[in-house]
Every structure is written in structure tokens, then in C-alpha cells.
Undergrad: 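Dumping the structure here so I can ask a few things about it.
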Amino acid sequence: FVFLGAGLNFGVLSEKFLLICVLLVLVIMGKINLNLVSEKLFNTQIRDSFFSSLSFTSISEFSQVIVLLGIANVLLNTEIFSVIGFL
């Protein structure tokens, strides 16, 4: 994880701030809605579904590993890794 953090480019944060904010909102809202729908199928109370959905809002480190594989195979550039890292 130190290697992943060392690879972040903080210049991308200022350049792509709006993109990062939009993606952050989309990811959080998408994961919350997906979890709410899936828990509604099991007749869970809406309050319990909402609180459990909030616990799933982070993007896992697995997405950073996938982006690193794309960088290693020269399919992606490092800006994408920095955007994913800041998310």
C-alpha cells in the first residue's frame, strides 16, 4: 500500500478535481442504490438497508490493483491511477 500511495500524482488532484468529485458522487450513490435494491429483495427494513449501504460506499483497493495491471501492460496512463487513488 505504500507503493500505491507513492504512485499518486497530486497535480492530478487540482487538474481533475471536478472529475473526481463527479465520480465520487456517482460511485457512492450507485453503490448505495444497488445495495438498497438488493436488500429490498430480502424484505429488509429501509432504515437498516440504508445504514448498511453507507458502510459499502468506499472503493476497494482491488480497483487500484486492476488499474496498476493496466498501467503495467501500457493500457492506461498514470493519471487514471491517480484519479482512482483519490477516489
Side-chain angles (χ1 to χ4, degrees):
F1 292 107
V2 173
F3 175 73
L4 293 175
L8 293 177
N9 180 3
F10 287 95
V12 172
L13 182 61
S14 63
E15 294 172 6
K16 308 276 185 187
F17 184 73
L18 184 61
L19 174 66
I20 292 171
C21 289
V22 168
L23 287 175
L24 186 65
V25 168
L26 288 175
V27 167
I28 290 174
M29 296 307 292
K31 288 180 86 171
I32 287 174
N33 287 331
L34 184 66
N35 193 33
L36 283 173
V37 168
S38 66
E39 288 195 25
K40 189 68 172 172
L41 294 174
F42 295 106
N43 296 326
T44 309
Q45 295 285 333
I46 190 71
R47 181 179 183 273
D48 296 334
S49 297
F50 178 72
F51 285 124
S52 67
S53 297
L54 288 179
S55 67
F56 294 123
T57 57
S58 66
I59 300 175
S60 69
E61 293 82 13
F62 185 68
S63 62
Q64 292 177 338
V65 172
I66 290 175
V67 171
L68 276 176
L69 287 173
I71 290 171
N73 293 322
V74 193
L75 298 171
L76 301 173
N77 60 11
T78 57
E79 280 187 359
I80 294 174
F81 173 71
S82 293
V83 168
I84 297 293
F86 288 122
L87 283 178

Undergrad: Output the distance between atom NZ (K31) and atom CG (N33), rounded to the nearest 0.5 Å.
TA: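 Taking NZ in K31 and CG in N33, the distance rounds to 12.5 Å.
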Undergrad: Just verifying a value: how many Å separate L36 CG and T44 OG1, rounded to the nearest 0.5 Å?
TA: 10.0 Å
Undergrad: Are F10 and I80 in one and the same hydrophobic cluster, where Ile, Leu, Val, Met, Phe, Trp and Tyr link if side-chain heavy atoms are under 4.5 Å apart?
TA: yes
Undergrad: Restricting to non-hydrogen atoms, name the atom on V12 and the atom on I20 that form the minimum distance, rounded to 0.1 Å.
TA: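 Where V12 meets I20 most closely, the heavy atoms are O-CD1, 4.5 Å.
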Undergrad: Show which residues join M29 in its hydrophobic cluster (side-chain heavy-atom contacts under 4.5 Å, direct or indirect), or state none.
TA: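 In the cluster with M29 are V25.
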Undergrad: Given side chains that start at C-beta, do those of E15 and E79 come closer than 4.5 Å, heavy atoms only?
TA: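 Side chain of E15 against side chain of E79, heavy atoms only: contact under 4.5 Å found.
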Undergrad: Test of understanding: clusters of I, L, V, M, F, W, Y form through side-chain heavy atoms closer than 4.5 Å, transitively. Do L19 and L24 belong to the same one?
TA: yes
